[in-house]
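In the text below, chain A, chain B and the rest are named by the order of the sequence lines, each starting its count at 1.
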Amino acid sequence: MQQTIRKVFLTVILTVGIMFLTERASAAELFGMREFRLDNGLQVIVIPNHKAPIIKQMVWYKAGGVDEDPGKGGIAHLLEHLMFRGTKKVKDSRFNEIISDNGGDSNAFTAQDYTSYHEAVDISKLELAMFLEADRMQNLKLTREVFEKERGIVFQERKQVVENNPVSYFGEAMRRTLWQEHPYGRPVTGMPEEIMKLRLADAQDFYDRYYAPNNAVLVLAGDIDVETARQLAEKYFGPVPAGKKIPQTAFPKLDKHFKGRLEIALPMIESPRVVKMYAAPSYNTDKSVIYPLSVLAQYLGEGETSKLYKKLVLEKKAALAVSASYDFAARSYGSFIISALPAEGVDPDDFEQMLEEAVAESVREIGRDGIEDIKGKMLAGQVYLRDNPNDAAYVAGAMSSIGMSVRDIENQAEYIKAVSYRQVAEAADALFSSAPSLTGILKPKEKK
Amino acid sequence: MVRRYYHKTSYAWVWKLLALVFAGWVVYWGYNRFFVFDPDDILKKSVLKEKNFNTEVAEVTSPDKKIKAYLFRDTTNPIISISFLFKNAGVASDDEKHIGIANAVAALLTEGAGGMDGLRFKEELERKAIGMSFSANLDDFTGSLITTKEHQDTAYQMLNAVFGEPRFDEQDIRRVKAQLLTVLKQQREHPASILELAAAKEIFGNHPYSRNPAGTEKGIGSITRADLLEFVHNHFTKSNLMVGIAGDVTEKEAGAILDRVFGNLPDNGRIVFVRDGDTVFDGRVKNISYPSAQSVSEFFGRGVARSHPDFYPLYIANHIFGGSGLSSRLSLSARENEALTYSIYTYLSLLDKAPTIRGGFSSTPENFARVMEIVRREWQKMGREGVSEAELEQAKNYLISSYNLRFASIATIADILVYMQKDNLGADFLQKRNDYVRNVKLKDVNRAAKEYFGSNDTVFVNIGNFGDN
């Protein structure tokens with residue numbers, strides 16, 4: 001639509017999610033979600049929230065940019081656009097019109113690991129939205145005419161979102177350098193020349209391979225009870241036939257000795273940025289360290305009370321901002337990112353050294369009390385996650401799509417509580433000494 | 001004898017025709033029935049029906065200081081959200097010498113209060129999961145507080161201290177000024193934000209709305225601690241305060257919260273009123289050359305204030321024109337049919353002193369002129385022909401049925417309560433709003449379309465490659 005999100009954006013959402021975990025809920029679940037599976041393999045997650053008579057439906061396909069064949073960059077995203085352009089039954093791009101005639105908002109986004117379609121509607125219109133999603137799960141009808149139009153639109157989207165924004169452009173270059181041959185290195189939008197070479201058959205092929213109930217998660221968050229949700233899911237999605245065996249994308253391993261450095265100078269840049277990106281363990285590669293690393297991110301750089309903020313911004317006055325984030329919700333590697341804005345007059349190369357030292361110092365200072373305090377902050381306010389059904393659907397859906405179990409999603413507070421300061425220190429040592437990493441510097445190019 | 005020859009009339013052709021019409025109807029009906037999707041088929045059989053939703057808003061007055069607020073009670077979760085607004089305390093009211101001060105105050109208010117310095121203050125907020133934020137838009141200064149019931153006492157006490165004893169420690173002032181100056185630099189890093197500032201200058205000229213909302217280098221540089229304290233004293237008063245409270249709070253509790261949080265504010269201050277804007281919409285186009293992958297446009301026409309009788313008719317006309325996402329006329333023409341752009345939109349900008357219809361798009365240079373031509377063509381068409389009965393119906397359907405969607409989070413609800421007061425909509429607005437939309441007649445919309453799209457011209461401000469030198 002619709003939007004293309006990159007992993008960085010997801011990180012923000014997930015860390016916000018994690019910030020709002022809580023202590024008051026010793027036994028409390030994060031969302032109060034329920035799960036069941038239809039015979040055709042569709043995983044259904046229901047998050048009742050009766051505040052208002054509204055509901056958010058999201059259908060997540062476990063297929064995204066990483067599942068594209070070489071040279072077909074952008075096809076997952078282009079298909080996402082085409083999904084609004086008509087099926088055998090709902091012809092002539094009427095999808096949006098029908099949803100909006102019924103007071104609903106619909107959109108979609110493509111990420112590296114998945115593609116998600118969603119509608120927010122009054123509860124009385126949910127069945128219509130369910131019909132439409134189930135319909136386009138199996139009956140998509142592509143024509144050359146709409147294909148060519150949407151290809152033009154996604155081309156424009158890439159120009160607008162990436163190429164007209166030097167910071168996005170820098171982020172893309174960093175991912176390409178760190179991930180190299182790994183599909184996380186490819187932009188979800190595809191490169192411009194790739195986009196224009198995509199063909200109708202490529203979209204059809206991707207759809208046939210990956211769009212099936214046994215490769216999808218349906219999330220319903222809002223004014224509905226589990227039993228009604230079950231009946232309606234059966235009614236609308238039950239008849240959709242399961243797809244053949246879904247091909248599993250194999251992910252290459254990165255060279256573990258890789259420590260890269262990328263410097264980009266652009267004439268429009270006035271304020272330098274320094275970013276360190278680590279290929280970190282994820283839920284799928286090493287579950288045992290994801291909570292220690294989450295605590296580490298909070299300790300180092302979440303908010304203006306974090307260790308790095310105190311050292312670099314308040315004490316040394318070398319930076320104007322610094323932050324750390326960690327995303328473990330990925331099908332392959334996770335990512336740990338530290339980014340900073342050096343202060344005026346501080347050379348970015350010198351700053352790189354200072355950042356390095358501040359991180360090392362902070363890791364040495366990890367102690368029991370400090371970590372208990374950090375965990376307390378992470379656990380405060382879990383109840384906020386139960387406020388907005390749209391946010392709940394998003395966080396729960398993203399985590400389920402990468403294969404996280406409902407139990408693991410709901411019990412994150414418990415896992416965080418159990419983290420010891422030693423585990424944090426060990427995870428930090430392992431990350432900073434042996435994870436593949438890249439330091440990126442974006443700086444002004446001297447104008448001639 | 002006259003023989004009369006009667007022409008023997010055969011009615012067979014009538015029967016044939018009727019049979020043909022009937023057969024046609026059967027085919028048409030069958031096609032529609034079996035091959036064309038009718039959403040109503042599903043909705044009629046739906047087990048989920050419309051529900052009554054209680055959106056009652058209480059008008060609360062605090063017992064001691066008689067501070068008024070709107071309250072929306074929602075006990076789903078043990079959380080409380082408070083939004084507030086100080087009217088006419090926004091960037092446009094900044095003192096000429098200190099442009100950017102409202103923004104600087106917004107950034108500095110969470111840097112400590114009373115006995116707590118910035119770090120301790122923020123530690124406390126994080127530890128108790130209290131969200132506190134401030135911001136300044138062109139017209140007003142706004143803020144919000146979100147807290148769990150468990151820690152609400154701390155939250156109210158801290159917000160009260162922010163108003164009564166803000167710290168403004170020198171080192172924080174220095175740091176925040178440096179951060180704000182960096183924001184000014186970052187604004188110059190990409191075409192869309194360069195355009196935004198240039199467009200404000202072009203549209204508002206010497207009016208304070210032409211200011212950079214982040215401030216100016218000189219203005220930010222000159223701000224002292226005394227200036228900040230004076231700003232707080234002059235702008236945060238009971239007379240220009242509006243408060244919305246949503247969440248797990250009774251009316252009685254809400255009254256007490258108002259006294260606790262806002263009770264110590266002075267009754268009045270010294271507020272600079274901003275004059276009306278005097279933009280001329282004369283069809284001019286300003287192009288700014290810039291080396292970018294896409295050229296970006298912002299365009300403007302005359303609009304109406306929220307309280308103006310033409311508001312709803314124009315709101316609907318704009319919805320059809322460019323306000324309804326991918327189904328709008330602009331989107332259908334420029335995006336869905338011609339694939340010239342990824343996004344194109346318009347909205348009613350409701351600045352107090354210069355409301356406009358405002359829109360934008362971006363497109364690669366070879367498409368750009370064509371998109372502009374479409375905007376102009378559709379703009380004129382809207383002025384000339386207005387909208388059809390079917391379009392009006394469709395717009396109303398969306399605006400009415402989507403209304404409940406805005407009650408998804410209590411923070412949003414608290415914001416709505418504030419704007420109901422700012423725009424004088426009344427405490428029963430949430431019950432009446434759908435009728436306001438329902439009662440708009442085709443002739444109202446078309447009169448507004450003619451008035452605002454027809455007799456006025458646009459101003460375009462563009463940035464990018466225009467094939468010149």
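- Smallest separation of non-hydrogen atoms from Tyr384(A) and Ala129(B): OH-O, 2.7 Å.
- For the residue pair Tyr342(B) and Val161(A), the shortest heavy atom distance occurs at CE2-CG2, 4.5 Å.
- Interface residue Ser343(B): backbone and side-chain heavy atoms are both found under 4.5 Å from chain A.
- If you measure heavy-atom distances from Val176(B) to chain A, you find no contacts under 4.5 Å at all.
- Both the backbone and the side chain of Ser401(B) come within contact range of chain A, each with at least one heavy atom under 4.5 Å from a heavy atom of that chain.
- Chain A forms the most heavy-atom pairs under 4.5 Å with one residue out of Lys49(B), Arg188(B), Lys45(B), and that residue is Arg188(B).
- Chosen from Asp172(B), Val296(B), Asn337(B), the residue pairing most often with chain A at heavy-atom distances under 4.5 Å is Asn337(B).
- In this structure, Phe155(A) and Thr364(B) approach most closely via the heavy-atom pair CE2-CG2, 4.4 Å.
- Heavy atoms closer than 4.5 Å to chain B are found in the side chain of Arg85(A), but not in its backbone.
- Counting all heavy atoms, side chain and backbone alike, Gln156(A) lies closest to Asn367(B) at NE2-ND2, 3.0 Å.
- Proximity to chain B is limited to the side chain of Leu232(A), based on heavy atoms less than 4.5 angstrom apart.
- For Gln187(B), no part sits under 4.5 Å from any heavy atom of chain A, backbone or side chain.
- Interface remark: Leu341(A) contributes side-chain atoms only to the contact with chain B (heavy atom separation under 4.5 Å).
- If you measure heavy-atom distances from Lys310(A) to chain B, the contacts under 4.5 Å come from the side chain alone.
- Residue Arg94(A) touches chain B through its side chain alone, counting heavy-atom pairs closer than 4.5 Å.
- Proximity to chain B (any heavy atom under 4.5 Å) is shown, for Ile374(A), by neither the backbone nor the side chain.
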N/O donor to acceptor pairs below 3.5 angstrom from side-chain atoms of residues 97-105 of chain A, sequence neighbours left out:
from: Asp101(A); atom 1: OD1; to: Gln394(B); atom 2: NE2; distance (Å): 3.2
from: Asn102(A); atom 1: ND2; to: Ile98(A); atom 2: O; distance (Å): 2.9
from: Asp105(A); atom 1: OD1; to: Tyr398(B); atom 2: OH; distance (Å): 2.6

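- Of all heavy-atom pairs between Phe131(A) and Ile42(B), the closest is CG-CD1, 3.1 Å.
- Both the backbone and the side chain of Glu163(A) come within contact range of chain B, with heavy atoms under 4.5 Å apart.
- Interface residue Tyr236(A): only side-chain heavy atoms are found under 4.5 Å from chain B.
- At a 4.5 Å heavy-atom cutoff, the contact between Asp223(A) and chain B is made by backbone and side-chain atoms alike.
- In this structure, no portion of Thr87(A) lies under 4.5 Å from any heavy atom of chain B.
- Here CZ of Arg127(B) is found 8.5 Å from OG1 of Thr305(A). Values are rounded to the nearest 0.5 Å.
- Both the backbone and the side chain of Asn404(B) come within contact range of chain A, judged by heavy atoms closer than 4.5 Å.
- Side-chain contact between Glu127(A) and Leu43(B): absent, with no pair of heavy atoms (C-beta onward) separated by less than 4.5 Å.
- Atoms OG and CG, on Ser46(B) and Leu128(A) in that order, are 9.0 Å from each other to the nearest 0.5 Å.
- The parts of Lys122(B) that come within reach of chain A are both its backbone and its side chain, each placing non-hydrogen atoms under 4.5 angstrom from that chain.
- Residue Lys89(A) touches chain B through both its backbone and its side chain, counting heavy-atom pairs closer than 4.5 Å.
- The pair Asp122(A)-Lys51(B) does not meet the salt-bridge criterion, since no charged nitrogen lies less than 4.0 angstrom from a carboxylate oxygen.
- Both the backbone and the side chain of Glu336(B) come within contact range of chain A, with heavy atoms under 4.5 Å apart.
- Comparing Ile194(B), Thr55(B), Thr341(B) by how many heavy-atom pairs each has under 4.5 Å with chain A, the most go to Thr341(B).
- Taking all atoms of both residues into account, the shortest heavy-atom contact from Arg335(B) to Ile153(A) is O-CD1, 3.3 Å.
- Contact annotation: the side chain of Arg386(A) never approaches that of Thr76(B) to less than 4.5 Å [non-hydrogen atoms, C-beta and beyond].
- Contact annotation for Leu320(A): both backbone and side-chain heavy atoms come within less than 4.5 Å of a heavy atom of chain B.
- Each of Asp41(B), Ile400(B), Val47(B) has some count of heavy-atom pairs under 4.5 Å with chain A, and the biggest count is that of Val47(B).
- Ion pairing of Lys185(B) with Glu344(A) is present here, as a side-chain N (NZ or NE/NH1/NH2) and a carboxylate O approach within less than 4.0 Å.
- For Ser327(B), the part lying near chain A is the side chain, with the backbone staying farther off; criterion is any non-hydrogen pair under 4.5 Å.
- Under a 3.5 Å cut-off, the side chain of Asn388(A) and the backbone N or O of Ser409(B) do not form any donor-acceptor pair.
- For the pair Lys377(A) and Glu123(B), the salt-bridge criterion is met [side-chain N within less than 4.0 Å of a carboxylate O].
- Contact of Ile79(B) with chain A is made through the side chain alone, with heavy-atom distances under 4.5 Å.
- For Tyr403(B), no part sits under 4.5 Å from any heavy atom of chain A, backbone or side chain.
- Contacts of Leu340(B) with chain A are made by backbone atoms alone, with heavy-atom separations under 4.5 Å and no side-chain atom involved.
- The backbone N or O of Ser271(A) lies less than 3.5 Å from a partner atom in the side chain of Glu189(B), making a donor-acceptor pair.
- Only the backbone of Val121(A) comes within contact range of chain B, with at least one heavy atom under 4.5 Å from a heavy atom of that chain.
- For Leu405(B), the parts sitting under 4.5 Å from any heavy atom of chain A are the backbone and the side chain alike.
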